[in-house]
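Keep in mind the model is a prediction, meaning the values are calculated, not measured. Proteins come first, then strands; the chains are lettered A, B, ... in the order of their sequence lines, and each starts at number 1. Quick note: numbers below take in every heavy atom, side chains included, and nothing from hydrogens, waters or symmetry partners.
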2 protein chains.
Amino acid sequence: MRPSQALRLWQQVLLSQVRDGEPDLTMRQTAILLTIYLDPPPHTVRGLAARLNVTKPVITRALDTMGALKLVSRHRDELDKRNVLIRRTVEGALFVERFGDGIVARAHELPI
Amino acid sequence: MRPSQALRLWQQVLLSQVRDGEPDLTMRQTAILLTIYLDPPPHTVRGLAARLNVTKPVITRALDTMGALKLVSRHRDELDKRNVLIRRTVEGALFVERFGDGIVARAHELPI
DNA sequence: GGGGACTGAAACGGAAGCGAAACAATTTGC
DNA sequence: GCAAATTGTTTCGCTTCCGTTTCAGTCCCC
């Protein structure tokens, strides 16, 4: 893949997301969402903050927003009640799946 | 490309952007930026709003933000003084170039 | 040359984000 | 048992964004 093709693909994917009125997540939020859905659980606030090199309130706020969108859910860890475990949701899985399919579709539409 | 690979690529690119402390643009802002740098000029507020299916103030505000970051610049159209022409900047071109190179690099790091 | 159309920006109230610091709740270690 | 450490959340003051509406400047055309 050449940089020009990569950029064009990125543009087309973003354009389709924006035009379809999908939630306007920030890069950080999208990075958190994909990490939750692609990396093996369990996921904690601390772990995500370390993985993204951001502060914990950034994660908390992103979870607030994405929780309201029902893209993720929070549950207190019963073994260590200080921890919060972040879990996937049906809606979030569908969103991520649609996103992945969208990338592949845009890739196929690209000029050679 | 399979959806799972596409998602993993997307995640890795976003993670590297976030970790490196690059500006945390929204999807909309990134879509606008890439459209300015990939689609042929001239670019106007109205044209971008139509291309992204958003309202004009959204474009105006995004240009405010990205102008402050020196990623784009605005110039009054001398032929039709109602128009504002959005132009690329050296800093913006470097940012987009770095972004494209980053995508390619992450793509090469992906497992098969 | 004057009324209507068009373009981009500004105003408004509300929502959400930021970093830094302070805060409960819980666990750990002595 | 109790101070210290750890986890996630909340608060603070500030900035940015949203959609809607309104506004100022410019062009067009009769």
I'd like to know whether [atom1] of [X] has more than 12 heavy-atom contacts from other residues, nucleotides or ligands below 6.0 angstrom.
X: B:Arg46; atom1: CZ; value: no
X: B:Arg87; atom1: CZ; value: no
X: A:Arg74; atom1: CZ; value: yes

Mind calculating the distance between [atom1] ([X]) and [atom2] ([N]) to the nearest angstrom?
X: B:Ile86; N: C:dT7; atom1: CD1; atom2: P; result: 13 Å
X: B:Leu79; N: D:dC27; atom1: CG; atom2: C1'; result: 13 Å
X: B:Met27; N: D:dT16; atom1: CE; atom2: P; result: 22 Å
X: A:Glu78; N: C:dT27; atom1: CD; atom2: C1'; result: 15 Å
X: A:Leu25; N: D:dT16; atom1: CG; atom2: C1'; result: 17 Å
X: A:Asp77; N: C:dT27; atom1: CG; atom2: P; result: 9 Å
X: A:Asp64; N: C:dA16; atom1: CG; atom2: C1'; result: 10 Å
X: B:Lys81; N: C:dA9; atom1: NZ; atom2: P; result: 16 Å

message: With hydrogens left out and only the distance checked, is there a donor-acceptor pair under 3.5 Å joining B:Arg61's side chain and the base of D:dG19?
response: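 Under the 3.5 Å cut-off, the side chain and the base do form a donor-acceptor pair.
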- prompt: Less than 3.5 Å between a donor and an acceptor, one on the side chain of A:Lys56 and one on the base of D:dG8, is that the case here?
  reply: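 In this structure, the two groups form a donor-acceptor pair.
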Examine [N]: is either OP1 or OP2 under 4.0 Å from a nitrogen or oxygen in the side chain of [X]? Give yes or no.
X: A:Arg46; N: D:dT9; answer: no
X: A:Arg28; N: C:dC18; answer: yes
X: A:Asn83; N: C:dT26; answer: no
X: B:Gln29; N: D:dC17; answer: yes

message: Nearest heavy atom decides the nucleotide; on that basis, is A:Arg82 or A:Thr26 closer to the 5' end of DNA chain C?
response: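 Nearest-nucleotide comparison on DNA chain C picks A:Thr26.
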- prompt: Relative to the 5' end of DNA chain D, which residue comes earlier, A:Ile59 or A:Asp24, by the nucleotide with the nearest heavy atom?
  reply: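 This one resolves to A:Ile59.
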message: With nearest nucleotide decided by heavy atoms, which residue, B:Thr65 or B:Asp80, maps closer to the 5′ end of DNA chain D?
response: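 Counting from the 5' end, the first nearest nucleotide belongs to B:Thr65.
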- request: Determine the contact category for B:Leu63: base if any of its heavy atoms lies under 4.0 Å from a base atom, sugar-phosphate if only primed atoms, P, OP1 or OP2 are that close, otherwise nothing.
  value: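 No contact.
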query: Tell me, do B:Leu33 and B:Phe95 make a side-chain contact under 4.5 Å, heavy atoms counted?
result: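 When only atoms from C-beta onward are counted, B:Phe95 and B:Leu33 do touch, with a gap below 4.5 Å.
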If you check the [X] side chain, which of [options] turns out closest?
X: B:Val58; options: D:dG19, C:dA25, D:dC27; result: D:dG19
X: B:Thr55; options: D:dT20, C:dG17, D:dG8; result: D:dT20
X: B:Thr60; options: D:dC27, D:dG8, C:dA9; result: C:dA9
X: A:Val84; options: D:dC27, C:dT26, D:dG8; result: D:dG8
X: A:Pro57; options: C:dA9, C:dA20, D:dG8; result: C:dA20

- request: Measure up the A:Trp10 and B:Phe99 rings against each other and bin them: parallel (under 30°), tilted (30 to 60°), perpendicular (over 60°).
  value: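 The arrangement is perpendicular - the two ring planes meet at more than 60°.
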field: Flag, side chain of A:Arg76 to backbone of A:Arg82, donor-acceptor distance under 3.5 Å
entry: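 Yes.
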